[in-house]
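Chain letters run A, B, ... following the sequence lines, proteins first and then strands; every chain starts at 1. Model, not experiment: these values are computed from the prediction.
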Amino acid sequence: MLEKNFNPESFEKNFSFEIEASLKKPTAEPFMVLLPPPNVTGSLHIGHALCFTLQDIVARYKRLRGYDVLFQPGLDHAGIVTQLLVEKHLYDSGAEKGTLTREQLLKEIWLFKEDSSNVIINQMKTLGISCDFSRLRFTMDEGGKKAVSKIFVKLFEDGLLHRGKKMVNWDPLIKSAISDLEVVEKEVDGHLWYLKYIFADSSGHIVVATTRPETIFGDVAVAVNPEDERYRHLIGKDVVVPLTDRRVKIIMDQYADPEKGTGAVKITPAHDFNDYEVGVRHKLPLIEIMNLRGELNENVPELFRHMDRFEARRNVVELLEKTGLLEKTEDVKQKVPYGDRSDVPLEPMITRQWFVNMEKLAVPAISAVEERKIRFIPKRWENLYFEWLNNVRPWCISRQIWWGHRIPAWYGPDGQVFVAESLEKANEKAVQFYGKNRVELVQDEDVLDTWFSSALWPFVTLGWPEETPEMRRFYSKMIVVTGFDIIFFWIARMIMMGVYSQKEIPFPDVYIHGLVRDEKGRKMSKSKGNVINPLDLCQKYGADAVRWTLASLTLPGRDVKINERSVETGRNFLTKLWNVIRFAKMNGCTYNKEFEISDVAHPAAKWIIFKIKQMVQDVEKSMGEYRFDEVTRHLYHCLWDSFCDWYMEFIKPILQQQTMTDVEKQECNLLPHTLLKKDIRDTTSWAIVQFLHVLYPVAPFISKKLSGEMGVLEISWPNIPNVAVDFSDAIAEVEFLKTVISSIRSIKQYLHLNPGEKVNVRIESACYGDISIRHENILEKMAGIRFGKICSRTIAVVINGAVIHMELEDGVDILSEKDRLRTEVARHRKERDGGIARLTDSGFIDNAGDDVIKEHRRRVEDMEEKIRKIENLLQSLEDVV
RNA sequence: GGGUGAUUAGCUCAGCGGUAGAGCAUCUCGUUUACACCGAGGAGGUCGGCAGUUCAAAUCUGUCAUCACCCACCA
């Protein structure tokens, strides 16, 4: 017997799912789910829980539907984040900054990575994520390394890779270049300083506005717009850069915007992207004034050397003010580029880096989506994808950190580069190049952007560059489920690299889910303190409840707002399931393998079979469209409304009658009682098992557990014949019964009758005349009535062509009943009149479809009949009073 | 500056041409041996504004407003 209390902890913990290995079903359709590898930086957050749950639902569903499913897990080394995190740990525990060698730090990170991986994998198992952990991969494992080198070499040889000195976004805290995508704009309160640049001939000055006065030392010109009347006469004049004795020219360039600042702009090519372009156009020199830590260098006046950039700014402004070169200061809101990981303002710096030429790679990636070989769900994300790829810029892939794939490039003594998959191969190339037997080669110090290895994930995980059966079977047969925030970082690059290296798309489907936010719609963040830990939720409510809730809140293209109350809804649903199955078991329901749908006789049994069939179809449709919200809704209503609130109540009298008198046996005139009871038990067990199996992808723990309790160990997708036609009479009868019960309940409550007190009732119906005989037990119990003699004081209710007469107790409030009927008749009249208006409108008759017109006619007739009957009732109530 | 999405019951959201739905909250009643993490019954909305298309608009088209996000730029 099941425990009285539903306690997910008692069984979820003990479950470990045996994941069927892939490739074991050679005749089945292959299907792969590529799990976005979480960073090895600690633990999973609620966003992972959502993402992984959705994938697990898909994977389990596909397995049930007979696919050969490979659900591929992995972990990402997450270069910068992980290194920063481990460094912080080390410093926090006493290590001195800058004392660790590369080898020492890497050793520490590997240790940390092991711990993190274990935590993450356990969390995934707690959530019930059914990936094939025996195939777990890490972006920096041996296979990953091989693949990365191979692709790097291929890109290099194909001319898609180059190394060069260029201006990049530099993170002074990490002391590394980062890519455009890792730049976030932040709006901050800043100042706009108006500086006087004195003419070299002392004949006056020009005022230039800047937000970065510390960069004046890198100024090589002042630019004005050629159209700008104010300054045209000054072009070519020399001015003196403030606080220095350096002379620069006033030049003309379209870049100077007369609308902004004073219309004259200082040009600092070494520290600004736009100025760099201007510098190139005018062949201006580059003056670098900062080192890689963001401190001013020897190219600035001695006073400011070694100052941090912000300290320098304060000091420069102070001195400018003192020397009278500061005209005025304005407060402004400005957008400043920050590093997304380090959260410090970035510096544009000229450094030597490796770049991938993205334009060529983008072309086939764009057409793959244009040609519908790859589709985004929801589709609108394709616009974002196109927009980015159409304007894609070179991808800076080198990082000046230690944790990551070391760039497979070696340099000879003269700086000649040899790109090769290994030192040996680089050596061969070098030997050939120099025509010597021995060449000292030094490997590039830098590592690759983490996303470089992530971009190869679809084929790396399948064993590439080895030729593997998995590669042949699953490549381009997968789905990727992820958040929109990594469409550029990951999705686009996987498509580019996949098409480039494999000559085939990696996956046809990309499902994009929303971000998980708190109940107010805010992003979750540690600083806001609104982070919800999925594992805490699992502990409190059970993993199934968490999974259920996440799935139920997932709508395509919408963010998921979550709070604990929404998880309670999921938990309540599972409790309901637990209880109803406990009840069924208490009444002797266990799964009967011999059960045949066609043998069922009782209308309620036929009805629930139909309802289950309908639910299965609905879930199949919704799964096909990745409508996880609909999937849970169908399950919810099927169980709670149809199964619990109606079906179980219908069959209680049958299940619970322990001993029957002969008279009672006669009443159950459908079947001999023992047979009827068995019939109902079997149907109930069957329905429960079907339900649990459809529930399985969403809530596997409870599904497995209760299915086992019902005597079914194997989960399989229901295969139910279409019963709608065969069972149509029974279905209609039960629907009628439901309406009768609801109506009587409604009236009784309206009249403030005590629900416990039975009211005498007579049912008058053309098609279901004998319903009161056939379903006496059910009606009496569920509607709180008694069939018997009806005295003259009666009221009645009209439903679907039937009239239910109810005997009035003394003291019943007839006036309010009359009010109720009048309101009802008025509502029906309004509806009828609306319908008639339509049906007499020639425009409607001429244009609307036949079925629509028919439906309107039917409704009008329906209303007419109801109105007629209610009017009769009102008349009869007049007689009573 | 360019783009995308949202605006429907108190809240969170479905519905996306044929007379408005769910969950939660709320109100009334109910402790009948599955379940109070429950049952029964109610109340609650001119579907952001305006214009248009249509016999018919929450649903399609324009436009405006508000909010959110993305991209680009700023002296």
Side-chain angles (χ1 to χ4, degrees), chain A residues 2 4-6 180 185 192-195 208-212 223 255-257 259-266 272-275 330 332-336 378 380-381 383-384 387-388 391 484-485 487-488 514-515 517 519 521 523 541 545 552-553 555 557-563 565-566 568-587 627 629-630 632-633 636-637 640 644-645 648-649 652 656 741-742 745-750 752-756 781-784 830-831 834-835 838 841-849 851-853 855-856 859:
Chain A
L2 290 175
K4 177 140 172 53
N5 293 322
F6 167 56
D180 304 334
E185 300 281 340
L192 191 56
W193 286 280
Y194 288 76
L195 316 185
V208 168
T210 179
T211 53
R212 304 209 51 194
Y255 168 66
D257 183 346
E259 304 290 315
K260 287 178 185 163
T262 61
V265 59
K266 64 197 239 8
D272 182 284
F273 284 97
N274 287 308
D275 292 7
E330 268 175 20
V332 287
K333 287 253 180 239
Q334 61 177 147
K335 283 199 182 155
V336 176
R380 67 184 163 86
W381 293 112
N383 294 335
L384 192 71
E387 196 198 296
W388 187 68
N391 301 297
F484 62 84
D485 47 333
I487 290 179
F488 307 147
L515 242 53
R517 295 167 179 280
E519 64 226 289
K523 259 189 192 171
Y541 299 99
S552 69
L553 296 174
L555 286 139
R558 231 178 152 112
D559 285 346
V560 174
K561 284 187 208 165
I562 194 168
N563 60 23
R565 264 224 309 273
S566 46
E568 280 173 20
T569 309
R571 188 265 324 261
N572 293 354
F573 173 75
L574 298 175
T575 308
K576 186 82 179 171
L577 175 69
W578 180 273
N579 281 317
V580 76
I581 291 176
R582 192 163 61 89
F583 177 68
K585 284 200 69 186
M586 274 161 49
N587 284 285
R627 284 297 302 263
D629 62 319
E630 286 184 351
T632 54
R633 253 213 316 278
Y636 185 96
H637 287 118
W640 208 303
C644 293
D645 289 348
M648 284 315 268
E649 297 301 326
K652 263 183 193 172
Q656 290 186 329
I741 292 166
S742 294
R745 280 168 172 174
S746 172
I747 302 259
K748 280 186 72 177
Q749 183 120 6
Y750 191 83
H752 304 293
L753 297 178
N754 186 339
K781 196 164 177 231
M782 291 180 74
K830 202 176 155 198
E831 195 174 337
R838 286 253 176 108
D841 180 350
S842 62
F844 177 73
I845 297 295
D846 294 346
N847 292 297
D851 44 343
V852 174
I853 295 175
E855 175 61 18
H856 277 257
R859 258 188 240 153

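- Distance A:Asp851 CG to B:A56 P: 19 Å, rounded to the nearest Å.
- For B:C69, the paired nucleotide is B:G3, the pair qualifying as Watson-Crick or G-U wobble because both relevant distances are below 3.5 Å.
- In the set B:G41, B:G39, B:A34, the nucleotide with an atom closest to the side chain of A:Phe583 is B:A34.
- The nearest whole Å value for the distance from the CG atom in A:Asp645 to the P atom in B:C38 is 11 Å.
- An OP1 or OP2 oxygen of B:C35 is reached within less than 4.0 angstrom by a side-chain nitrogen or oxygen of A:Lys4.
- The separation between A:Glu630 atom CD and B:G21 atom C1' is 13 Å, rounded to whole Å.
- Across all strands shown, the partner of B:U26 is B:G42, judged by Watson-Crick or G-U wobble contacts whose two distances both fall under 3.5 Å.
- Atom C1' of nucleotide B:A57 and atom CG of A:Asn847 are separated by 15 Å, given to the nearest angstrom.
- Atom pair A:Met782:CE and B:G41:P shows a separation of 9 Å (rounding to whole Å applied).
- The distance from atom CD of A:Glu387 to atom P of B:G3 is 10 Å, rounded to the nearest whole Å.
- By the 4.5 Å heavy-atom criterion applied to side chains, A:Lys652 and A:Phe583 are counted as neighbours.
- If A:Ala209 and A:Thr569 are placed on RNA chain B by their nearest nucleotide, the residue sitting closer to the 5' end is A:Thr569.
- Among the heavy atoms of the strands, none lies under 4.0 Å from A:Asp846.
- The partner of B:C13 is B:G21, by the rule that a Watson-Crick or G-U pair needs both atom distances under 3.5 Å.
- At a threshold of 4.0 angstrom between heavy atoms, the contacts of A:Ala256 include nucleobase atoms, whether or not backbone atoms are also involved.
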Nucleotide N/O to protein N/O under 3.5 Å, stretch nucleotides 6-13 of chain B:
residue: B:C13; atom: OP2; partner: A:Lys561; partner atom: NZ; Å: 2.8
residue: B:C13; atom: O3'; partner: A:Arg558; partner atom: NE; Å: 3.4

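- Contacts of A:Trp193 with the nucleic acid, taken as non-hydrogen atoms under 4.0 Å apart, are absent.
- Distances shown here put every side-chain N or O of A:Arg838 at or beyond 4.0 Å from the OP1 or OP2 atom of B:A56.
- Side-chain proximity of A:Asp257 to B:G15, B:G41, B:A75: nearest is B:A75.
- When each of B:C73, B:C38, B:G41 is scored by its nearest atom to the side-chain atoms of A:Lys576, the top-ranked nucleotide is B:C38.
- Of the candidates B:A34, B:A40, B:C55, the closest approach to any side-chain atom of A:Arg582 belongs to B:A34.
- Each of B:G39, B:C37, B:G41 was ranked by its minimum atom distance to the side chain of A:Asn572; first place goes to B:C37.
- Distance check on atom P: B:U61 versus B:U54 gives 15 Å, rounded to whole Å.
- Under the Watson-Crick and G-U wobble criteria, each requiring two contacts below 3.5 Å, nucleotide B:U32 is left unpaired.
- Within the 4.0 angstrom heavy-atom criterion, no nucleotide atom of any strand lies near A:Tyr194.
- If you check every strand for non-hydrogen atoms under 4.0 Å, A:Thr211 touches sugar and phosphate atoms only.
- Of the listed nucleotides (B:A40, B:A22, B:C35), B:A22 has the atom at the smallest distance from the side chain of A:His637.
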